[in-house]
Amino acid sequence: MRQFLAVVAFTLLTIGFFAGYSNFGIPQIEPAPPPKEEKLDLSSMTMDQFIALGERLFNGKGTCTLCHNALGRAPMLGTIADAVPKRLKDPRYTGEAGDIEEYLIESLVEPSVFVVAGFGKKGTNDTESPMPDVSGGSIGLSEAEVAAVVAYLQDSGGAEVTVEIPQDIDEEGDDEEEGEAREAVNDPKKLMAMFTCDACHMINGVGGDVGPNLSKIGANRDRAYLRRAILDPNAEIATGFEADMMPADMGEQIYVKELEVLVDYLAGLK
Ligand code: HEC
Ligand code: HEC
């Protein structure tokens with residue numbers, strides 16, 4: 001009897017181990033440290049601290065400086081106080097903003113509502129912005145984080161800071177809903193859009209050019225390489241590109257199933 005119980009216990013442990021491994025083990029690749037989630041205690045924050053939070057998001061999680069930098073890939077944002085009134089009067093403006101704060105929020109979550117002349121996606125005649133919705137996809141700024149970035153943009157762009165520090169947003173509740181209730185997506189093109197891969201990667205003429213063109217990536221890269229490129233982008237850096245440009249937290253957002261759909265798709269691009 002003793003021995004029987006020992007066998008049962010061992011079997012259960014083994015099964016438990018593998019079940020745990022396949023649920024939690026696969027996406028985490030060893031050395032990548034979990035990104036530090038900033039604990040937002042908005043109730044005790046001063047406006048200066050809120051603006052400083054916005055600046056950290058702008059330079060970090062928001063990935064804004066990938067494009068908004070001196071290379072001229074996106075407009076500089078230091079003179080936003082002068083620029084916005086002109087944008088709002090532009091006949092091409094199709095949004096609903098009435099002031100600088102509203103324009104900035106709109107720019108972050110619906111970038112195509114107004115595309116600064118000369119900065120549109122190639123071939124769209126400035127009707128589509130290459131900028132991703134920064135509240136979605138792999139960037140995923142929360143409502144409070146968008147507000148903090150907007151406060152920072154107002155402060156650094158010479159405008160009066162009109163944003164108020166949100167007080168009644170339940171950040172953790174939001175995250176849980178998004179993190180768990182989502183259904184796995186099976187269509188690789190939808191996944192590329194959902195995780196904003198296409199904001200940075202061109203496939204067959206569509207997409208951005210911040211990262212390598214992936215149109216023929218399957219021709220000389222195997223599935224193990226592709227998986228690692230997505231989960232641990234800094235493990236190997238594509239020739240001609242720099243480290244720390246591709247978001248490193250894909251592994252936390254993408255489901256194992258979805259990762260395999262993407263890897264299959266990319267491996268087939270030859
Ligand atoms: C993939 C590149 C990319 C990323 C990442 C990006 N942007 Fe942009 N952004 C652009 C481009 C290109 C434009 C100009 C086209 C347009 O008007 O949408 C733009 C426009 C803007 C505008 C409107 C500027 C104006 O003069 O009207 C704001 C504000 C802005 N971005 C803020 C941000 C912030 C804040 C972030 C990070 C949270 C960010 N962007 C991330 C590429 C990017
Ligand atoms: C903000 C821009 C950005 C986003 C979003 C992004 N990438 Fe990347 N990616 C890069 C850059 C830059 C590189 C090159 C540097 C490196 O190798 O880490 C890269 C490298 C890669 C590579 C390796 C390419 C090679 O030639 O070796 C693959 C594969 C890849 N990305 C796939 C993806 C997929 C799939 C997604 C979405 C789940 C994605 N990327 C999202 C910027 C991005």
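Ligands are counted one by one from 1 in listed order, and the atoms in each one are counted from 1 as well.
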Next on the checklist: With rounding to the nearest 0.5 angstrom, report the CD1 to CD1 distance, Ile254 to Ile230.
Outcome noted: 6.0 Å

Checklist entry - Has the side chain of Glu145 got a donor or acceptor atom that lies under 3.5 Å from a matching backbone atom of Ser142? => result yes

Checklist outcome for this item: Checking heavy atoms under 4.0 Å, the part of Ile139 that sits near ligand 1 is neither

Checklist entry - Got a sec: is His68 within less than 2.8 Å of atom 8 (Fe) of ligand 1 via an N/O/S atom? => result yes

Item to check | For ligand 2, the portion of Leu66 having any non-hydrogen atom under 4.0 Å away | outcome: side chain

Checklist entry - Taking 2.8 Å as the cut-off, does an N/O/S atom of Ser129 lie below it from atom 8 (Fe) of ligand 1? => result no

Checklist entry - Which of the atoms in ligand 2, numbered in the order shown and given with their element, are less than 4.0 Å from a heavy-atom of Tyr225? => result 25 (C), 27 (O)

Next on the checklist: Can you name the atoms of ligand 1, numbered from 1 with element, that are less than 4.0 Å from a heavy atom of Arg73?
Outcome noted: 12 (C)

Item to check | Donor-acceptor pair, side chain of Asn69 and main chain of Thr65, under 3.5 angstrom | outcome: yes

Next on the checklist: Given 3.5 Å as the limit, does a donor-acceptor pair link the side chain of Tyr265 with the main chain of Leu269, or not?
Outcome noted: no

Item to check | Enumerated ligand 1 atoms positioned under 4.0 Å from heavy atoms of Pro111 | outcome: 18 (O)

Checklist entry - Considering only heavy atoms of Phe241, which atoms of ligand 2 have at least one such atom less than 4.0 Å away? => result 14 (C), 15 (C)

Item to check | Single-linkage hydrophobic cluster, 4.5 Å side-chain cutoff, Phe241 and Met202 together | outcome: no

Checklist entry - Where the closest heavy atom to atom 24 (C) of ligand 1 is concerned, which of Leu88, Leu77, Val146, Asn69 has it? => result Leu77

Item to check | Side chain, backbone, both or neither: Val116 near ligand 1, heavy atoms under 4.0 Å | outcome: both

Checklist entry - Side chains of Val261 and Tyr255: closer than 4.5 Å at any heavy-atom pair? => result no

Checklist entry - Does some side-chain heavy atom of Cys67 sit less than 4.5 Å from a side-chain heavy atom of Val210? => result yes

Item to check | Contact (N/O only, under 3.5 Å) between Ile217 and ligand 2 | outcome: no

Checklist entry - What residue and heavy atom of the protein are closest to atom 5 (C) of ligand 2, and at what distance? => result Thr196 O, 3.4 Å

Checklist entry - Under a single-linkage definition using a 4.5 Å side-chain heavy-atom cutoff for Ile, Leu, Val, Met, Phe, Trp and Tyr, are Val146 and Leu77 assigned to the same hydrophobic cluster? => result yes

Item to check | Proximity to ligand 1 by part of Leu57, non-hydrogen separation under 4.0 Å | outcome: neither

Checklist entry - For atom 16 (C) of ligand 2, what is the nearest protein heavy atom, given as residue, atom name and distance? => result Ala238 N, 3.8 Å

Item to check | Value rounded to 0.5 Å, distance of CD1 in Ile203 from CE in Met192 | outcome: 3.5 Å

Checklist entry - Would you say Gly62 and ligand 1 have an N/O pair spaced under 3.5 Å apart? => result no

Checklist outcome for this item: Rounded to the nearest 0.5 angstrom, the CG-NZ distance for Asn186 and Lys257 is 6.0 Å

Next on the checklist: I'd like to check whether Arg87 has a polar contact with ligand 1, where a contact means an N/O of the residue lying under 3.5 Å from an N/O of the ligand.
Outcome noted: yes

Next on the checklist: For the backbone of His201 and the side chain of Asp198, can you confirm whether one donor and one acceptor N or O come within less than 3.5 Å of each other?
Outcome noted: no

Checklist entry - Counting only heavy atoms, which portion of Thr63 has something under 4.0 Å from ligand 2: side chain, backbone, both, or neither? => result neither

Item to check | Ala243 contact mode with ligand 2 (heavy-atom cut-off under 4.0 Å) | outcome: neither

Checklist outcome for this item: The answer for which part of Glu236 has a heavy atom under 4.0 Å from ligand 2 is backbone

Next on the checklist: If you count every heavy atom of other residues, nucleotides or ligands that lies below 6.0 Å from Gln49 atom CD, does the total exceed 12?
Outcome noted: yes

Item to check | Val149: numbered ligand 1 atoms lying under 4.0 Å from its heavy atoms | outcome: 35 (C)

Checklist outcome for this item: Judged by heavy atoms only, the candidate from Ala74, Pro247, Ser107 nearest atom 23 (C) of ligand 1 is Ser107

Item to check | Contacting atoms of ligand 1, where contact means under 4.0 angstrom from a heavy atom of Tyr103 | outcome: 25 (C), 27 (O)

Item to check | Contacts of Glu236 that satisfy salt bridge (charged side-chain N to carboxylate O under 4.0 Å, His left out) - sequence neighbours left out | outcome: Arg228

Next on the checklist: With clusters defined by side-chain heavy atoms of hydrophobic residues (ILVMFWY) lying less than 4.5 Å apart, directly or transitively, does Met76 cluster with Tyr103?
Outcome noted: no

Checklist entry - Taking only heavy atoms of Glu242, which atoms of ligand 2 are found under 4.0 Å from at least one of them? => result 15 (C)

Checklist entry - Say you draw a straight line from CD1 of Ile217 to CG of Leu266; how long is it, rounded to the nearest 0.5 Å? => result 7.5 Å

Checklist entry - Is the backbone of Ala184 close enough, under 3.5 Å, to the side chain of Glu258 for a donor and an acceptor to pair up by distance? => result no

Checklist entry - Which atoms from ligand 2 have a heavy atom of Phe195 less than 4.0 Å away? => result 38 (C)

Next on the checklist: Under 4.0 Å, heavy-atom basis, I'd like to know which part of Leu104 is in contact with ligand 1: side chain, backbone, both or neither.
Outcome noted: side chain

Checklist entry - Can you list the ligand 2 atoms lying under 4.0 Å from a non-hydrogen atom of Val210? => result 12 (C)

Checklist entry - So Ile237 and Glu242, side chain to side chain contact (heavy atoms under 4.5 Å, CB included) or not? Walk me through it. => result CA-CA 7 Å; Ile237 307 302; Glu242 280 171 35; 5.6 Å; no

Checklist entry - When rounded to the nearest 0.5 angstrom, what is the spacing between CG in Leu66 and CE in Met131? => result 12.0 Å

Checklist entry - Can you name the side chain to side chain contact (heavy atoms under 4.5 Å, CB included) partners of Asp82, sequence neighbours left out? => result none

Item to check | Which segment of Phe114 sits under 4.0 Å of ligand 1 when only heavy atoms are counted | outcome: backbone

Checklist entry - Is it the side chain (CB and beyond), the backbone, both or neither of Cys64 that lies under 4.0 Å from ligand 1, heavy atoms counted? => result both

Item to check | Gap between atom CD1 of Ile80 and atom CD of Gln154 - 0.5 Å precision | outcome: 10.0 Å

With a 3.5 Å cut-off and sequence neighbours excluded, list the donor-acceptor pairs that the side chains of residues 108-121 form with protein atoms.
residue: Ser112; atom: OG; partner: Ser129; partner atom: N; Å: 3.0
residue: Lys121; atom: NZ; partner: Glu128; partner atom: OE1; Å: 3.4

Item to check | Which of the ligand 2 atoms, numbered from 1, are nearer than 4.0 Å to a heavy atom of Met250 | outcome: 37 (C), 38 (C), 41 (C)

Item to check | Pro130 neighbourhood, listing ligand 1 atoms whose heavy-atom distance to it stays under 4.0 Å | outcome: 1 (C), 12 (C)

Checklist entry - Quick one: which ligand 1 atoms are inside 4.0 Å of a heavy atom on Val115? => result 15 (C), 16 (C), 17 (O)

Checklist entry - Strictly under 4.0 Å, does any heavy atom of Pro75 approach an atom of ligand 1? => result yes

Next on the checklist: Donor-acceptor pair, distance only, cut-off 3.5 Å: does the side chain of Ser135 make one with the backbone of Leu141?
Outcome noted: no

Checklist entry - Which ligand 1 atoms, with their elements, are less than 4.0 angstrom from a heavy-atom of Cys67? => result 1 (C), 2 (C), 3 (C), 4 (C), 5 (C), 42 (C), 43 (C)

Checklist entry - How many protein N, O or S atoms are found at a distance of less than 2.8 Å from atom 8 (Fe) of ligand 2? => result 2

